[in-house]
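Note that the structure is a prediction, hence the values are computed from the model and not measured. Residues: numbered from 1 along the sequence shown. Only this structure's heavy atoms are used, side chains among them; waters, hydrogens and symmetry mates stay out.
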Amino acid sequence: IIQEEGYSEVLVVTSPDKRHACIPWFEQLPDRLQLLGSNGSSSSKLKVTIQASSLAEDFCALVKSHNMVVSFSTLSNAAAVLSKHLKRIYV
């Protein structure tokens, strides 16, 4: 989705313990794309931010997003339903 849609910034919202198995994958993604030359020009780099804040801050970040990839989570589903900014949702 990131490459196909040409996103330049990714915000991953996770639990405070950051134990989700995909966190290391996201943390290493910008370097992998840079090596592969898959992220546009050689000077551009994908910005990945891992957020693990309070429930309120995480929910607000989700509600404010324009594009969202959701897991099987009531938090992300509720944020998608309540968002006035959401343009695309990937399930």
Is there a side-chain contact between [X] and [Y] in this structure, where contact means two heavy atoms from C-beta onward sitting under 4.5 Å apart?
{"X": "Phe26", "Y": "Ile2", "value": "yes"}
{"X": "Leu33", "Y": "Gln3", "value": "yes"}
{"X": "Leu46", "Y": "Gln34", "value": "no"}

>> Run the side chain to side chain contact (heavy atoms under 4.5 Å, CB included) test on Asn77 and Phe72 for me, step by step, so that the C-alpha distance in whole Å, both residues' side-chain angles and the decisive distance to 0.1 Å come before the verdict.
In response: CA-CA 8 Å; Asn77 290 338; Phe72 294 106; over 6 Å; no
> For the residue pair His20 and Pro24, what are the closest heavy atoms and their distance?
Replying inline: O-CD, 3.9 Å
Can [Y] be reached from [X] by stepping across I, L, V, M, F, W or Y side chains whose heavy atoms are under 4.5 Å apart?
{"X": "Leu11", "Y": "Leu55", "answer": "yes"}
{"X": "Phe59", "Y": "Leu86", "answer": "yes"}
{"X": "Ile1", "Y": "Ile50", "answer": "yes"}

Applying side chain to side chain contact (heavy atoms under 4.5 Å, CB included), name anything that partners [X], two or more places apart in sequence or on another chain.
{"X": "Ala52", "result": "Thr14, Lys18"}
{"X": "Cys60", "result": "none"}
{"X": "Ser54", "result": "Ala56, Glu57"}

Can you give me every donor-acceptor pair (side chain of residues 64-71, partner residue at least two apart or in another chain, under 3.5 Å) with its distance?
from  : atom 1 : to    : atom 2 : distance (Å)
Ser65 : OG     : Leu62 : O      : 2.7
His66 : ND1    : His85 : O      : 3.3
Asn67 : OD1    : Tyr7  : OH     : 3.4

> Just how far is it from atom CD of Glu27 to atom CZ of Arg32, taken to the nearest 0.5 Å?
Replying inline: 10.5 Å
>> Closer than 3.5 angstrom, by distance alone: can the side chain of Asp58 be matched with the main-chain N or O of Val13 as a donor-acceptor pair?
In response: no
> Taking Ser83 for the side chain and Ala80 for the main chain, is one N or O donor matched with an acceptor at less than 3.5 Å?
Replying inline: no
> Under the salt bridge (Lys or Arg N to Asp or Glu O under 4.0 Å) test, which residues partner Glu5, sequence neighbours left out?
Replying inline: Arg88
>> Test of understanding: with side chain to side chain donor-acceptor pair (under 3.5 Å), list the residues that count as partners of Ser15, not counting sequence neighbours.
In response: Asp17
